[in-house]
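A short worksheet on the structure shown next.
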Amino acid sequence: MSIEIRNVNKQFGNFQALRDVSLDIKSGELIALLGPSGCGKTTLLRIIAGLETPDVGSIHFSGADTTDVHVRDRNVGFVFQHYALFRHMTVFENVAFGLRVRPRSQRPSEAQIREKVMSLLKLVQLDWIADRFPSQLSGGQRQRIALARALAVEPKVLLLDEPFGALDAKVRKELRRWLRHLHDELHVTSIFVTHDQEEALEVADRVVVINQGRIEQEGTPQQVWESPATPFVYGFLGDVNLFKGRASNGRVYLDDGMQLDSQDAGNVQDRQAFAYVRPHDLEVERYSPGQNLDAQGRPTGIVVQLARALVVGPVARLELIPSESTESTDNAEHGNVIEAHIPARQFQDLGLREGETLVVTPRRAKVFLDEAAGI
Ligand SMILES: Nc1ncnc2c1ncn2[C@@H]1O[C@H](COP(=O)(O)OP(=O)(O)OP(=O)(O)O)[C@@H](O)[C@H]1O
Ligand SMILES: [Mg+2]
């Protein structure tokens, strides 16, 4: 079943929780809604499920307006953010619940229920704990049971609100791989809410980034990662360094004295500019006075001091402080640290030491002009 979200607005009192949200979700797609706490993710899911009504706009399932369709009849499976299994029921009964509460005419027989529940428990690999109570399960097991319960009624749409939010990093990682496999098996149109960018990028066919009730960008994980449409998306998806300056005629003059060519600053005259650079897009060299200059004698990079180096695994994470700003309290207050990631091997080959003076040069930068303010 496809889902069409049309111009949805939702207000709580004076607070605008969703602003003109429109989105098309294809049948069988797995979509991640990604955004910071309070941006409206749960509200949007609840509206799709029919637990909340939009002030303006509508939700369509395969083209049909759902406005007058009751929650019960929408065929939606929901795993809540703060899930609650029924504590007084066994795992088996939790999963069977949705089938047992059906009107008698649609209710499967006891034998059919048993078969269905056991096959779902096998699917989530927990058939061996069917007789336990929720309090006897680990957090990850409870989440999988919650998912099995949602799947029991054969939903056409599956809504997952931070299903792995409360779990530790390793279990989360296992469960999201497992969820992806499950989705590939069942092809239920699914919307998965998370505020964890890595989780969204790894699991989803398409990522929708939301900020303050508005869709900032939608695209494949690769599209949103490679080409963030706004400064917000840039900052939200991964680490990023922000450099300020001014742009004229395709060239950006950064406050640190460095210059960049940028197509983003094409036909403009003296506009405020923000250059965003990923830590792994910074070239790092040792500084030697009189070098690191271009033909016009301008610095090719930013002179920095290596404040701290963290080498864990294959990547060296360098905390760099611009030399010009080491004296300036203004910059210190704003925590003006540049972060560079270089291969640990390169770090060792260069023999860099904390306290040394280095030069960093962006290999790649994305420039946004004034109206698109900094993060
Ligand atoms: N019933 C309500 N009454 C008033 N305000 C609400 C209500 N439900 C949500 N809000 C507000 O709407 C905004 C969006 O809430 P929502 O729960 O959708 O955020 P979220 O993106 O799911 O956040 P989180 O990641 O923390 O779960 C928040 O500012 C929240 O306080
Ligand atoms: Mg939420």
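Numbering of ligands and ligand atoms starts at 1, following listing order. None of the values given here were measured: they were computed from a predicted structure. When a residue number appears, it is its place in the shown sequence, counting from 1.
Among the atoms of S37, no N, O or S atom is found under 2.8 Å from the Mg ion (ligand 2).
Judged purely by distance below 3.5 Å, without hydrogens or angles, the side chains of H341 and E339 pair a donor atom with an acceptor atom. Between the side chains of E199 and T194, a donor-acceptor pair is found at a separation under 3.5 Å.
The aromatic rings of F78 and F80 lie parallel to each other, their planes meeting at an angle below 30°, with 60° marking the opposite boundary. Ring orientation note: the planes of F368 and Y276 are nearly perpendicular, at an angle over 60° on the 30°/60° scale.
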Pairs under 3.5 angstrom, nitrogen or oxygen on both sides, ligand 1 versus protein: list them out, please.
{"unit_1": "ligand 1", "atom_1": "18 (O)", "unit_2": "T42", "atom_2": "N", "d": "3.4"}
{"unit_1": "ligand 1", "atom_1": "18 (O)", "unit_2": "T43", "atom_2": "N", "d": "2.9"}
{"unit_1": "ligand 1", "atom_1": "18 (O)", "unit_2": "T43", "atom_2": "OG1", "d": "2.5"}
{"unit_1": "ligand 1", "atom_1": "21 (O)", "unit_2": "C39", "atom_2": "N", "d": "3.2"}
{"unit_1": "ligand 1", "atom_1": "21 (O)", "unit_2": "G40", "atom_2": "N", "d": "3.0"}
{"unit_1": "ligand 1", "atom_1": "21 (O)", "unit_2": "K41", "atom_2": "N", "d": "2.9"}
{"unit_1": "ligand 1", "atom_1": "21 (O)", "unit_2": "K41", "atom_2": "NZ", "d": "2.9"}
{"unit_1": "ligand 1", "atom_1": "22 (O)", "unit_2": "T42", "atom_2": "N", "d": "3.0"}
{"unit_1": "ligand 1", "atom_1": "22 (O)", "unit_2": "T42", "atom_2": "OG1", "d": "2.7"}
{"unit_1": "ligand 1", "atom_1": "23 (O)", "unit_2": "G38", "atom_2": "N", "d": "2.7"}
{"unit_1": "ligand 1", "atom_1": "25 (O)", "unit_2": "K41", "atom_2": "NZ", "d": "2.7"}
{"unit_1": "ligand 1", "atom_1": "26 (O)", "unit_2": "S37", "atom_2": "OG", "d": "2.5"}
{"unit_1": "ligand 1", "atom_1": "27 (O)", "unit_2": "Q81", "atom_2": "OE1", "d": "3.3"}
{"unit_1": "ligand 1", "atom_1": "27 (O)", "unit_2": "Q81", "atom_2": "NE2", "d": "2.8"}

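Paired with N94 under the rule side-chain hydrogen bond (donor to acceptor under 3.5 Å, both in side chains), one option of R142, R87, R149 passes, and it is R149.
Residue V315 belongs to no hydrophobic cluster, having no ILVMFWY side-chain heavy atom closer than 4.5 Å to its own.
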